[in-house]
Amino acid sequence: MAKATAPIRKNDELTVEIIDLSYEGLGVAKVDNYPIFVTDALPGEKCLIHITKAQSRYAYAKVIERLNDAPERVTFDDEALLKTGTLPLVHLSYDAQLDFKRQQVVHNLHREHLDELVDVKPTLGMAEPWQYRNKAQVPIGGKTGELYTGFYRRRSHDIIPLTDYRIQSKTIDDTLQKVIAVLNKYEISAYDERTHRGLIRHVIVREGYHTEEQMVILVVNAKQLPHEAEIIKDLKTALPQLTSLVLNQNTKRTNVILGRNERILFGNPYYTDKLCGLTFRISPQSFYQVNSAQTEVLYDQVLKNVGLTGNETVIDAYCGIGTITLALAKHAKHVYGVEIVEQAIDMAKENATLNQIENVTFTADRAEDCMPRWVDEGIDPDVVVVDPPRKGLAQPFIDSVLDVKPDKLIYVSCNPSTLARDLRQFVDGGYQIESVQPIDMFPQTNHVESVTVLTR
Ligand code: SAH
């Protein structure tokens with residue numbers, strides 16, 4: 001095959017018509033079939049664009065002048081946030097965002113010829129699609145004594161200072177500012193990725209949606225925090241909702257935010273929240289859904305479709321701290337949960353006890369290693385629920401599901417591409433897709449979550 005050459009070059013300027021929206025939320029224009037991905041541009045808009053990066057197969061561009069507005073365009077005037085690219089759909093009306101997410105699911109199912117088998121439902125959205133996050137995880141920048149929090153500039157590692165993040169709870173934004181004020185008072189330095197010097201890397205705030213309890217995690221490039229006692233005292237005074245203060249030690253040159261070692265500086269090694277009428281303890285390293293209001297909608301879809309009578313054996317794979325597991329246990333004979341993060345499984349066991357639920361078994365393992373073992377041990381599930389990370393299910397996991405043939409399979413997915421790939425195998429293995437329900441867990445962003453119900 002001849003090597004493709006780009007019909008345009010970096011810094012070219014041209015007028016194009018946007019014909020599509022990429023899964024990342026970028027406008028797509030084409031020159032002789034060569035795609036150009038344009039920031040802040042919507043289908044139907046004509047724009048004068050500047051090419052910022054040109055590769056052999058595609059290019060990136062920004063808009064110099066927009067010649068018309070798409071009907072779905074809405075104004076968002078926070079320049080700083082726009083530079084970060086953390087809200088790639090913010091210029092699209094919310095109804096159009098919900099439609100875009102449904103289309104993403106349809107489009108991916110189409111690739112596997114599965115769209116003919118099921119009618120994807122309209123996305124369940126939020127009434128107020130702002131300030132929904134119960135967790136903030138922000139890098140720290142600035143000179144000593146003048147630190148700030150923010151997000152990275154689009155495709156860069158420069159930090160753009162922010163105080164109002166729009167999608168996090170107000171009380172979290174407020175806590176971030178108070179934490180920064182205390183760090184500035186004690187002249188704590190910001191970590192610099194380039195030189196691997198400086199102390200504070202990230203501040204993480206996690207908040208119980210129903211309890212309002214806050215956990216603050218200070219991620220530092222050291223084993224110790226200078227002025228530790230004073231900082232603890234000041235944070236306790238400044239933050240009445242603080243129930244857990246954690247020092248996480250991350251001294252590696254890495255993009256991974258949390259280090260392995262941590263020490264509780266104050267309070268509990270967890271914070272608490274309520275979900276589906278149950279109480280959950282959440283530890284610093286444990287996954288917990290970030291949009292609590294929509295998590296109830298999501299779990300409701302699982303519970304509504306699972307059809308339990310009290311006699312069933314259920315497997316909840318990728319169970320985190322056991323949220324879905326325990327919600328299911330109330331309606332099943334026994335539920336088995338598996339999760340790779342050991343700390344999350346410790347929490348899941350603690351949460352079972354806390355909620356006086358005894359018909360559950362939790363295992364810390366890789367789902368793809370555990371599932372075949374369970375099958376060998378004779379565990380014969382009626383229902384399997386999965387909620388894997390973006391990369392989807394691993395082959396040995398799928399193989400053992402097809403081996404034991406549960407009557408029902410519920411697939412909670414945060415990535416329609418791997419969802420479609422995995423569904424193809426289940427359909428070929430004798431399953432039928434009953435329904436696909438997208439749910440908007442991350443308004444203003446391009447993330448697409450969905451619940452698929454399969455039966456034999
Ligand atoms: N169902 C839970 C968690 C979903 S997030 C909830 O709704 O809260 C996905 C979870 O899968 C995370 O907790 C992650 O730690 C876990 N995980 C990732 N890879 C895994 C693997 N190979 N085996 C088991 N769990 C895994």
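Atoms within a ligand are numbered from 1 in the order they appear, just like the ligands themselves.
- For the atom pair CG (D382) and CG (D380), the distance works out to 7.0 Å, reported to the nearest 0.5 Å.
- Ring centroids of H157 and Y152 are separated by less than 6.0 Å, placing the two rings close together.
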Table of N or O contacts for ligand 1, cutoff 3.5 Å:
unit_1, atom_1, unit_2, atom_2, d
ligand 1, 1 (N), Y318, O, 3.0
ligand 1, 1 (N), D387, OD2, 2.9
ligand 1, 7 (O), Q289, NE2, 3.0
ligand 1, 7 (O), Y299, OH, 2.6
ligand 1, 7 (O), D387, OD2, 3.2
ligand 1, 8 (O), Y299, OH, 3.3
ligand 1, 8 (O), T323, OG1, 3.3
ligand 1, 13 (O), E339, OE1, 2.7
ligand 1, 13 (O), E339, OE2, 3.3
ligand 1, 15 (O), E339, OE2, 2.7
ligand 1, 22 (N), E368, OE1, 3.1
ligand 1, 23 (N), A367, N, 2.8
ligand 1, 25 (N), I340, N, 3.2

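- Taking the six-membered ring for Trp, Y191 and H196 have ring centres closer than 6.0 Å.
- In this structure H107 satisfies the ring-ring contact (aromatic ring centres under 6.0 Å, His included) test with no other residue, sequence neighbours excluded.
- Two rings, from F151 and Y165, have their centers less than 6.0 Å apart.
- The one candidate from N184, I159, I140, I160 that meets the side chain to side chain contact (heavy atoms under 4.5 Å, CB included) condition with Y148 is I159.
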